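As a basis for the values below, the full set of heavy atoms in this structure was taken, side chains included, without hydrogen atoms, waters or symmetry mates. Here the structure is a predicted model, which is why all the values come from computation and not from measurement. Numbers restart at 1 for each chain; the letters A, B, ... are given by sequence-line order, proteins then strands.
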Amino acid sequence: MLAEGFSQSEFNGTNMIKFLANKTVAGIRYGKGTVVSFDPVIEGQLIAAGDAETDPIDKSHPYYFFHGYAGNQFAGDSMFFDFAAGNHGVRGANLSDAEMFATAGIVTTKAPSNPYDTCIRLPNLNYDYSIGEKLFVWWLGKIMPEANERVFIGDGFGVSTTGNGQRGLQIRVNQAGKLTIAVYGAAAKAGLLSNSVPFDGSMHDIALVLDGAKRRYGYWVDGKMDSAFAGVMLPFYPSENFDTKNSNTFNLGSSAPAPGAAAAPQSGIATQTRALVIIRLPASYSSPSASTVTSVCKTLRANPGKLLLGNAL
Amino acid sequence: MSLVASYPFTDFSLIQGVAGNGKNVAGASYPQGIPNVLTIQEGMLRAYVTDSHAKTDSGHRAEIYLTPDTLGENWYSWEFMLPPAYWADYTGGALTCGQMHESPDSGDAPRQPNFMLQIMSGMLYVVWPRATLPAESTSYDRFPVTNLEWGRWYSVCLRVNWQITTAGFREVLIDRVPVYRQWGVPTAYDDVVQPYFKLGIYNTSGGLSGDKVAYFRNLTRWTGNDGYQAVLGGAPLTRPALSQI
């Protein structure tokens, strides 16, 4: 007979499960919250029945898209390594290895002016706001603002419907050094400007949460929620259903796909990045609270080279 | 994006063709498959290859195949399981358990298929042409992606944008975990007809395989981009963050 053993947990190696309710298994009673290890088939059945969940305590976050830390990298690495999910960032055609690692402990992208394609390109994120996915982006680095607003992280550059090819997300550096975003679905909408000024040429961290389930968003700067949000995540045009799916690379230093000869602001800006963290939570995953995100930002700033655990967000 | 087809494997009538034991015939003509080679068992496709079978198109195989893709974004999702009785002791050459086979124009030289999923030495491999496409060559690169457990169901998702320019991309997910992702790369040969999907067992190495059985189920085929949630049922998962041997 066929053995039915389909289980994600097995792929990730040895696992434990946590009971979500009091449960008796093989005559032994286990209290809610008990963390135990069974045969993978038994674990799979308990998870499928809703009696238990894979215990995330000793695991890195299961929905990482990227966690890169330039402090562990050197000239010659060629790529911005992702040590969470393997989604390494590759250099644009006109960004050399020497330019990328010109400053120790930092990965650098150049301002795009012909030649373009001077950013770092991660694989496609395909973040889906409309269906309720949540996106957490945390970045630590230095950017000097330009005379006009520029995109420094993103994958969207328009509202065209052709093959979902243009839509997506932009994280922007305002000319006054403030943080803002733009989201491209059938409509293009911009977020608030931060009150803080994280882009002044010195080291700062910023974070963004875009919550497609609750249709809200928030910014964090240097471990605190930006005061423009007054302590709570705010609605992001809740009447708009932003379809942000696309087939583009997710970029650091630009939001335009290769060859990147796009007009400003999506063409990009020179960036110096110490660390970048991107987590995409599925629609079924509960939305993180503002206080949880604040805690995560502080944790990451203290040690940006350390993976977040599964229970962090 | 649209769901092009969902194959519940009740019969082969919607399958373009079935091939094995010397036969290569239309699924509509052989809705019950090829007895003891390509059959349906409890909603699953059962593929069986053995060395005494007649060769089909130059090799031992038991495969279904679908209509060709067109240039652009295509997704295939399916599940497979390799019963331990047939696989646990296997030490032979690579066996293919799913592929996107190129459709050569008349006069084209032999070429490496656009994509293959192979089993060898207890591991699952993703195999791509080594040449920068659309250059034609039979060379290939074989990337190990996971150790296999016999008797366990694995889900596979292949997402590829068939292009002969750097607008192409390709990624493979096993159990929702991306194991290979490459953007900005040509993925297609410059052919009139684009590659077509094949699922089953094909003895790539040409050596002795012994008796080999594989099961497949829940095959779906999509074009465009409806996102991971639609095809995978959720966002991709991260791969293990600790080194494993």
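Side-chain N or O atoms of B:R181 include one that pairs as donor or acceptor with a backbone N or O of A:N124 at under 3.5 Å. No donor-acceptor pair closer than 3.5 Å links the side chain of A:D128 to the backbone N or O of B:G227. Not one N or O on the side chain of B:T238 forms a donor-acceptor pair closer than 3.5 Å with the backbone of A:Y63.
Neither the backbone nor the side chain of A:S284 comes within contact range of chain B; no heavy atoms are under 4.5 Å apart. Neither the backbone nor the side chain of A:A258 comes within contact range of chain B, judged by heavy atoms closer than 4.5 Å. Only the side chain of A:F65 has a heavy atom closer than 4.5 Å to any heavy atom of chain B. In this structure, chain B has no heavy atom under 4.5 Å from any part of A:H88. Neither the backbone nor the side chain of A:D82 comes within less than 4.5 Å of any heavy atom of chain B. Only the side chain of B:F169 comes within contact range of chain A, judged by heavy atoms closer than 4.5 Å.
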Taking only distance into account, with no hydrogens and no angle test, what donor-acceptor pairs under 3.5 Å do side-chain atoms of residues 114-129 of chain B form with protein atoms, sequence neighbours excluded?
unit_1 : atom_1 : unit_2 : atom_2 : d
B:N114 : ND2    : B:T187 : O      : 3.1
B:Q118 : OE1    : B:R142 : NE     : 2.8
B:Q118 : OE1    : B:R142 : NH2    : 3.1
B:Q118 : NE2    : B:T96  : OG1    : 3.4

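Taking CZ of A:R167 as the start and CG of B:N225 as the end, the distance is 11.0 Å to the nearest 0.5 Å. In this structure, B:Y228 OH and A:E133 CD are separated by 9.5 Å, a value rounded to the nearest 0.5 Å.
Comparing A:V90, A:I131, A:L281, A:I279 by how many heavy-atom pairs each has under 4.5 Å with chain B, the most go to A:I131.
Put simply, the side chain of B:E171 does not reach to within 4.5 Å of the side chain of A:P123, judged on heavy atoms. Residues B:L237 and A:H61 form no side-chain contact, since every pair of their non-hydrogen atoms from C-beta on lies 4.5 Å or further apart.
Shown here is B:Y140, whose OH atom has no more than 12 heavy atoms of other residues, nucleotides or ligands within 6.0 Å. In the displayed structure, B:D89 atom CG is contacted under 6.0 Å by at most 12 heavy atoms of other residues, nucleotides or ligands.
Here the closest heavy-atom approach between residue B:W183 and residue A:S247 is recorded as NE1-O, 3.0 Å.
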